[in-house]
Amino acid sequence: RIATAWRQTVASGGLWDGEYRFQDSEGNVTWVYGVASPQLDDEGEVTSHIGINLDITDRKLAEQALHRTSEERRVLLEIVPVGISITDEDGSIIEANCMSEEILGISVEELRTRRADGVEWDILRLVGTPMPPDEYPSVRALKEQHIVRSVEMGIRRSDGDVTWISVSATPIPLEGYG
């Protein structure tokens, strides 16, 4: 792929850049980002190319590690047998696993967009009265900056049925999360 791209660049007299890797006889891989620019003579003909190669191995290894970590996190969220939702600092759900959907009878997409669309949750206290947002476990955990455990509450679904759940919440110490 790289050799073909280089030949096309030379034939066209254009600029070239690309990421590629070298592997030595011991199997060690070095990732490189190369850039080459044509050098022209007085008549405007390409006489050569001048370029640089940068070792980007550390960046490539970091990208691979990030991808692996992201995939591990995704798999873990999907296989854990409890509903997990993640909110932003305002309490809007930004991520939820499939178990949340199954437990609540509300699609993950609805979980993510319901509040963003201005639709407030119909959340109930155990006695059946509406639970104000400042009593939500996620809001309390953020405000009080500690884990709030086992708050029983009901969520009225769009079909009118109520699903009763026990919720624990903890603040996530990462920017953009709640």
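Reckoned from all heavy atoms, side chains included, excluding hydrogens, waters and symmetry mates. Counting begins at 1 with the first residue of the sequence. What you see is a predicted model; the values in this text were computed from it and never measured.
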Chemist: Under 4.5 Å between side-chain heavy atoms, hopping through other hydrophobics if needed: is there a path connecting Y33 to V29?
Modeler: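 Result: yes, single cluster for both.
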Chemist: Pair I2, W16 - check side chain to side chain contact (heavy atoms under 4.5 Å, CB included), show working.
Modeler: CA-CA 10 Å; I2 297 300; W16 181 86; 4.0 Å; yes
Chemist: Per the side-chain contact (heavy atoms from CB on, under 4.5 Å) rule, which among V82, I86, I84 passes with N97?
Modeler: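 With N97 as partner, side-chain contact (heavy atoms from CB on, under 4.5 Å) holds for just one option, I84.
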Chemist: Can you tell me how far the CZ atom of R7 sits from the OG1 atom of T4, to the nearest 0.5 Å?
Modeler: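 R7 CZ to T4 OG1: 4.5 Å, rounded to 0.5 Å.
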Chemist: Please test V32 against L54 for side chain to side chain contact (heavy atoms under 4.5 Å, CB included), starting from the C-alpha separation and ending with a verdict.
Modeler: CA-CA 5 Å; V32 175; L54 301 171; 6.0 Å; no
Chemist: Does atom CZ (R59) have a neighbourhood of more than 12 heavy atoms from anything else shown, all under 6.0 Å?
Modeler: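 Atom CZ in R59 is packed in, count exceeds 12.
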Chemist: Kindly state each residue pair satisfying salt bridge (charged side-chain N to carboxylate O under 4.0 Å, His left out) with at least one member in residues 39-54, sequence neighbours excluded.
Modeler: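 Those involving residues 39-54 do not exist here.
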Chemist: To the nearest 0.5 Å, how far apart are CZ in R140 and CG in D134?
Modeler: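 The CZ atom of R140 sits 9.5 Å away from the CG atom of D134.
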Chemist: Could you tell me the separation between the CD atom of Q39 and the OG atom of S48, rounded to the nearest 0.5 Å?
Modeler: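 One finds 5.0 Å between CD of Q39 and OG of S48.
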Chemist: What are the two closest heavy atoms between S85 and S100, and how far apart are they?
Modeler: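 The pair with the smallest heavy-atom distance is N-OG, 4.2 Å.
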Chemist: How close do A169 and A141 get, heavy atom to heavy atom, and via which atoms?
Modeler: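 Result for this residue pair: O-CB, 3.7 Å.
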Chemist: M153, M99: one ILVMFWY side-chain cluster at the under-4.5 Å cut-off?
Modeler: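 Linked within one cluster.
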Chemist: In Å, rounded to the nearest 0.5 Å, how long is the span from CD of E19 to CH2 of W31?
Modeler: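 Reported value, rounded in 0.5 Å steps: 7.0 Å.
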Chemist: Quick one: do L126 and L124 end up in the same hydrophobic cluster if we chain Ile, Leu, Val, Met, Phe, Trp and Tyr together by side-chain heavy atoms under 4.5 Å apart?
Modeler: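 As far as the 4.5 Å side-chain criterion goes, L124 and L126 are connected within one cluster.
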Chemist: Considering non-hydrogen atoms only, spot the tightest contact between P38 and L15 and give its length.
Modeler: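 Looking at all heavy atoms of both residues, the closest pair is CD-CD2, 3.7 Å.
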Chemist: Under 4.5 Å between side-chain heavy atoms, hopping through other hydrophobics if needed: is there a path connecting I56 to Y20?
Modeler: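 Looking at the clustering, Y20 is in a separate group from I56.
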Chemist: Quick check on R125: does its CZ atom have over 12 non-hydrogen neighbours (other residues, nucleotides or ligands) under 6.0 Å away?
Modeler: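 For R125, atom CZ is crowded (more than 12 foreign heavy atoms under 6.0 Å).
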Chemist: Are any non-hydrogen side-chain atoms of W164 and E152 less than 4.5 angstrom apart?
Modeler: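 A side-chain contact under 4.5 Å is absent here.
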Chemist: In Å and rounded to the nearest 0.5 Å, what is the OG1 to CZ distance from T170 to R149?
Modeler: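 Interatomic distance, T170 OG1 to R149 CZ, rounded to 0.5 Å: 8.0 Å.
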Chemist: Can you get from I147 to I165 by hopping between Ile, Leu, Val, Met, Phe, Trp and Tyr side chains that sit under 4.5 Å apart?
Modeler: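 I147 does not cluster with I165.
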Chemist: Work out which heavy atom in G13 is nearest to a heavy atom in V46; give both atom names and the distance.
Modeler: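 Closest pair (atom of G13, atom of V46, distance): CA-CG2, 3.8 Å.
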Chemist: About how many Å separate CD1 of I155 and CG of D122, when rounded to the nearest 0.5 Å?
Modeler: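 Going from CG on D122 over to CD1 on I155, the span is 9.5 Å.
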Chemist: Provide the closest heavy-atom pair for G14 versus H49 in the form atom of the first, atom of the second, distance.
Modeler: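 Distance-wise, the nearest heavy atoms are O-NE2, 3.3 Å.
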Chemist: Could you tabulate the donor-acceptor pairs under 3.5 Å formed by side-chain atoms of residues 66-75, not counting sequence neighbours?
Modeler:
| residue | atom | partner | partner atom | Å |
| --- | --- | --- | --- | --- |
| T69 | OG1 | A65 | O | 2.9 |
| E71 | OE1 | R74 | NE | 3.3 |
| E71 | OE2 | R74 | NH2 | 2.6 |
| R73 | NH1 | E95 | OE2 | 3.1 |
| R73 | NH2 | E95 | OE1 | 2.9 |
| R73 | NH2 | E95 | OE2 | 3.2 |

